[in-house]
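Notes for the one structure printed next.
Residue numbering restarts at 1 for every chain, and letters A, B, ... go by the order of the sequence lines. Please read all numbers here as calculations on a predicted model, not as lab measurements.
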Amino acid sequence: MLNIENVSITFKKGTLDEKKALQNVSLTLEDGDFVTVIGGNGAGKSTLLNIIAGTLKPDEGSVSIDGKDITNIPDYKRASLLGRVFQDPRQGTAADMQIDENLALAKRRGKMHGLAWGITKAERLKYSEMLKEFDLGLENRLTANVGTLSGGQRQAVTLLMATMNSPKVLLLDEHTAALDPKTASKVLSLTDKIVKEGNLTTLMITHNMNDAIRYGNRLIMMSDGKIIFDIKGDEKMKLTVGDLLKKFEESGAEATDKMILSD
Amino acid sequence: MVLASSFIGYLSSFASSLPSVVEQGFIWGIMAIGLYLSYKILDFADLTVDGSFALGGITLAVLMKAGVPVGVAMLVAFGAGLLAGLVTGLLHTFLGIPAILAGILTQIALWSVNLLVSKGLANVGIDIRNQFVLVRSLTDMQKLYSILFLIGFIAAIIGLLYWFFGTEMGSAIRATGSNETMARANGINTTWMKIIALSISNGLVALSGSLSAQFQGSGDINMGKGAIVIGLAAIVIGLAIFKKAKKNFALHLVACVVGATIYYFVYQLVLSLNISTNLFKLLSAAVVAVFLGVPYLRKKINFGKWGKKNA
């Protein structure tokens with residue numbers, strides 16, 4: 001269970017550019033919740049994810065996972081609880097290292113990095129099987145440097161890295177936004193499959209309203225550093241893009257073309 | 001006739017200097033391996049090396065003058081280099097000082113540290129005629145032994161590094177250098193990985209300095225001047241020759257040694273042509289600039305030709 005309580009953060013405090021990125025945001029995710037997050041630019045979506053990941057520290061409020069307060073734990077120390085996939089496909093993997101080496105690093109997330117071998121033979125076999133399920137032809141290219149893969153392939157590898165240890169919370173920050181539509185939908189359905197099979201607690205930011213409605217059991221809309229709409233279950237199933245646009249107008253935020261022109 | 005005989009004389013003098021060239025190249029090859037760890041693996045241009053090279057040489061000379069055996073003196077020199085790297089690492093990570101500046105600060109500080117170690121002497125002699133050292137070049141036999149020793153020594157270093165960078169810690173260091181965001185997202189303490197890598201790097205550079213002091217029979221306050229450029233030249237020359245060994249880490253380290261040897265070969269050539277050695281640092285810098293600049297220019301030209309695809 002992820003618990004965010006009264007989290008606030010202000011950027012460039014005391015300057016003309018002061019921005020209240022999050023204002024008293026509270027959010028609780030039950031185990032197995034798959035939450036899609038929508039909102040305009042600067043609504044605070046990525047800031048929220050970064051606070052959960054620990055790359056940003058809130059000015060006020062707390063973040064806890066399974067009852068354990070992690071607000072003051074540095075990002076790399078809480079990494080074992082989390083899985084992250086970024087918008088930029090280059091961010092989630094080490095380009096100069098092999099596919100299997102990247103996976104082996106993810107496998108050791110949260111463990112001491114000692115002088116045991118960085119990767120074993122048994123692991124290689126396992127990784128090859130895991131990648132085979134992805135059906136991207138990567139299972140025969142385990143020793144290729146990740147830098148030689150396409151954006152979609154890299155996102156798939158990152159997705160596997162983020163989920164292979166069954167994290168307490170999976171954070172997806174517009175992880176298909178940089179891909180072409182066909183690849184994006186492939187990575188997205190792969191995401192859905194992995195999340196469902198592992199019953200992973202997931203927070204997925206998306207610009208695409210259709211995707212936000214189609215995937216997950218819960219949807220939140222953010223605007224101006226606040227959660228302005230939170231809907232789940234059957235109600236969410238009935239949601240249309242029109243409903244969401246209306247909500248947007250009510251909030252005074254502007255929906256971008258990218259959000260409307262989905263699919 | 002006169003021309004021919006002078007040419008033969010020139011050739012023979014050049015040939016007779018070759019064993020020393022190889023010795024020097026191998027010694028600096030170890031320095032280049034150390035620099036490779038920071039420059040290539042960590043993506044950190046570490047200017048500490050000018051100071052840590054001299055630190056290694058002076059530490060060894062002072063200790064040997066006091067009667068300490070060469071093996072122990074080299075170990076202490078290595079340790080001193082580790083500490084120098086540690087300081088740069090701490091300046092960079094805990095105080096947030098940019099890489100280049102952190103290296104410069106340590107390098108400048110080491111100038112004073114080196115003078116403290118040498119008790120103010122600019123040059124500390126080693127009695128290489130009477131004291132046992134591992135690298136010498138007074139006689140041909142010594143040169144041969146020195147070269148054989150260096151080959152074994154370098155092989156051991158490369159073997160150890162090859163093993164280390166295959167371990168969990170070594171992989172974590174490589175990930176830190178390749179993509180820090182990814183490393184941290186995967187639970188790697190990138191701060192310590194940088195510090196560890198910089199320490200090992202400077203330890204090796206100091207070790208190379210300690211061998212250089214044995215070779216020249218003294219530790220000198222100036223012996224590390226421009227070491228970074230020599231090391232970079234060795235790396236870029238070596239990697240250009242070993243272009244096909246794209247991913248083999250051990251071969252990359254061998255390339256550093258080959259690069260350093262070629263560097264000293266060219267240096268000797270310049271010396272024997274009676275060209276002023278004062279110009280050599282200029283030439284070295286130019287070589288490094290060309291090797292680092294050409295890939296960029298090539299990319300830029302391709303960009304113009306085929307548009308975005310090759311950018």
**OP:** Using modelled atom types only, decide if a donor and an acceptor are shared between the side chain of B:E168 and the backbone of A:A116 within a distance under 3.5 Å.
**Re:** no

**OP:** Name the option with the most non-hydrogen atom pairs under 4.5 Å to chain A; the candidates are B:I188, B:T190, B:T181, B:N186.
**Re:** B:N186

**OP:** Would you mind checking which part of B:W163 comes under 4.5 Å of any heavy atom in chain A, side chain (CB onward), backbone (N, CA, C, O), both or neither?
**Re:** both

**OP:** Indicate the atoms forming the closest heavy-atom contact of B:G187 with A:A79, along with that distance.
**Re:** N-CB, 3.3 Å

**OP:** Any chance you could measure B:S178, atom OG, to A:L105, atom CG, to the nearest 0.5 Å?
**Re:** 10.0 Å

**OP:** Among the options A:K111, A:R84, A:H113, pick out the one with the most heavy-atom pairs lying under 4.5 Å from chain B.
**Re:** A:H113

Original post:
Out of curiosity, A:Q91 CD to B:E180 CD, how far, rounded to the nearest 0.5 Å?
Top reply: 11.5 Å

Original post:
If you count heavy-atom pairs under 4.5 Å between each of A:N145, A:L115, A:N165 and chain B, which one has the most?
Top reply: A:L115

Subject >> Closest-packed option against chain B by number of heavy-atom pairs under 4.5 Å, given A:G92, A:G114, A:A95 >> reply: A:G114

Original post:
Just how far is it from atom CG of B:N179 to atom CZ of A:F86, taken to the nearest 0.5 Å?
Top reply: 8.0 Å

Original post:
Less than 4.0 Å between a side-chain N and a carboxylate O, is that true for A:E101 and B:R174?
Top reply: yes

**OP:** Sorted by first residue and then second, give each salt bridge (Lys or Arg N to Asp or Glu O under 4.0 Å) pair with at least one member in residues 164-173 of chain A; sequence neighbours left out.
**Re:** A:D66-A:K168

Original post:
Would you say the side chain of B:M182 lies within less than 4.5 Å of the side chain of A:M161, judging by non-hydrogen atoms?
Top reply: yes

